[in-house]
Amino acid sequence: MNRVTRLGNLTTRTFLNRHWQKSPRLIRKAFPKLISPISADELAGLACEPGVESRLVIKIRRQPGWLVRHGPFTVQEFRTLPEKHWTLLVHDTDKQLPELADFLTHFQFIPNWRIDDLMISYAPDGGSVGPHVDAYDVFLLQVQGRRRWSISRKPQAPAIKPGLELKQVRAFKPQHTWILEPGDMLYLPPGVAHHGVAVGNCMTFSIGFRAPTDAEMLADLSNLLLMRLDKEARYTDANLAPADTDPGLITKQARATIRQRMRGAQHLSSGKLDEWFGRFITEPKSWLVPNPPRRSLTPAALRTQFATRKELARDPAVRMAWYDDGAQQIKMFVNGCCHPLPMRLSEFARMLCSQRLYSSHQLGSWMPDRDAIRLLAELYNAGMLYFP
Ligand code: SIN
Ligand code: CO
């Protein structure tokens with residue numbers, strides 16, 4: 001779909017062609033009448049909960065100039081903060097509050113599996129995390145108050161500050177500076193140095209993306225390859241020629257055998273490789289696994305429940321993705337597991353993977369399908385789907 005979204009006068013296609021992964025873009029009034037789905041107090045409350053990743057970054061006089069504290073915090077810790085020059089950052093807020101997960105649907109012109117999280121920051125006047133570079137694309141949406149953003153596209157030398165977990169840059173010289181008002185949004189591709197400073201109290205949403213490194217993917221893929229490997233298969237040389245004149249030599253023939261064995265050990269068909277990626281990319285964050293319901297339901301019992309319920313919801317921390325494998329099967333991935341489905345369920349898979357709320361009207365037409373209801377029951381019993 002090529003419709004105008006929250007990108008000002010740009011269509012999603014133009015934005016992706018011109019800016020995505022390429023160049024920064026400031027979008028004034030991207031969300032013209034934005035009312036924050038969360039207050040500063042609610043955000044502080046989230047940062048006090050166990051299982052929620054949060055940080056306080058406080059500017060201090062003594063070296064290294066910054067203090068980083070990790071949550072969960074206590075109300076007392078918030079009470080004793082200085083008046084100015086600190087920032088509270090709360091990660092994965094979309095996994096905690098369904099309203100925030102639903103807010104991310106504004107960014108669905110980028111595949112869901114590329115979205116990492118909605119990180120929310122709150123800062124009083126002067127609050128900042130310092131000039132830094134991120135490895136990921138980010139939309140910085142001003143939600144409350146004002147923030148001055150400065151950016152530089154020049155390569156930056158990283159600041160070496162032992163003990164400080166911030167990827168700050170040294171001698172940051174801004175090339176552009178803007179003050180963002182509520183509803184304004186700044187897109188930054190990876191590698192652009194940026195520095196945001198609160199102008200009065202302010203709240204900023206960072207919609208951050210994920211792009212696994214080749215090293216991460218290879219490490220995961222190696223586990224799969226190792227699992228598939230015959231553990232007893234080993235080097236053989238039944239046709240060995242006498243080595244007596246040169247016993248230290250690794251012969252041409254031995255090298256060829258090793259190359260052949262190792263290439264063979266790495267071989268995966270395209271289908272298996274695609275399936276590995278589906279499982280890998282939908283793997284949930286380890287601390288965000290769903291809780292199964294107290295009472296599990298059979299597919300038949302779940303079908304009966306639908307008759308009286310308005311909708312079914314997906315736990316916002318559950319990751320789903322799908323594709324048609326081109327060989328008459330749908331591959332649907334949920335939290336690192338592959339669920340092969342018959343082709344007739346392609347629209348069902350599309351719906352499950354692109355929405356978080358499923359009305360009983362939408363689900364109704366799939367109820368008679370044995371494979372569809374069986375999958376819904378399995379996901380319900382794992383706590384991944386629930387009746388809100
Ligand atoms: C902030 O919101 O203060 C920092 C967000 C970022 O720079 O990624
Ligand atoms: Co950043």
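Note that ligands are numbered from 1 as they come in the structure, with each ligand's atoms numbered from 1 the same way.
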Residues at least two apart in sequence or cross-chain that pass side-chain hydrogen bond (donor to acceptor under 3.5 Å, both in side chains) with T204, listed by chain then number, are Q142, R147
Are any of the side-chain nitrogens in D137 or R114 under 4.0 Å away from the carboxylate oxygens of its partner? yes
Parallel, tilted or perpendicular, as decided by the 30° and 60° cut-offs, for the rings of W113 and F277: perpendicular
Considering only NZ, NE, NH1 and NH2 on the basic side and carboxylate oxygens on the acidic side, decide whether K331 and E275 come within less than 4.0 Å. yes
Apart from F333 itself, its cluster of hydrophobic side chains linked below 4.5 Å comprises Y323
If you draw a sphere of radius 2.8 Å around the Co ion (ligand 2), how many protein N/O/S atoms end up strictly inside it? 3
May I ask you to decide if the ring planes of F209 and W20 are parallel, tilted or perpendicular, using 30° and 60° as cut-offs? perpendicular
Taking the six-membered ring for Trp, are H194 and W149 parallel (under 30°), tilted (30 to 60°) or perpendicular (over 60°)? tilted
Could you list each nitrogen or oxygen of ligand 1 that sits under 3.5 Å from a protein nitrogen or oxygen, with the atom names and the distance?
unit_1, atom_1, unit_2, atom_2, d
ligand 1, 2 (O), S121, OG, 2.7
ligand 1, 3 (O), R147, NH2, 3.4
ligand 1, 7 (O), H132, NE2, 3.0
ligand 1, 7 (O), H194, NE2, 3.2
ligand 1, 8 (O), D134, OD2, 3.3

Charged N to carboxylate O below 4.0 Å: is that the case for D92 and K285? yes
Only one of V138, L141, I27, I151 passes side chain to side chain contact (heavy atoms under 4.5 Å, CB included) with L186; say which it is. I151
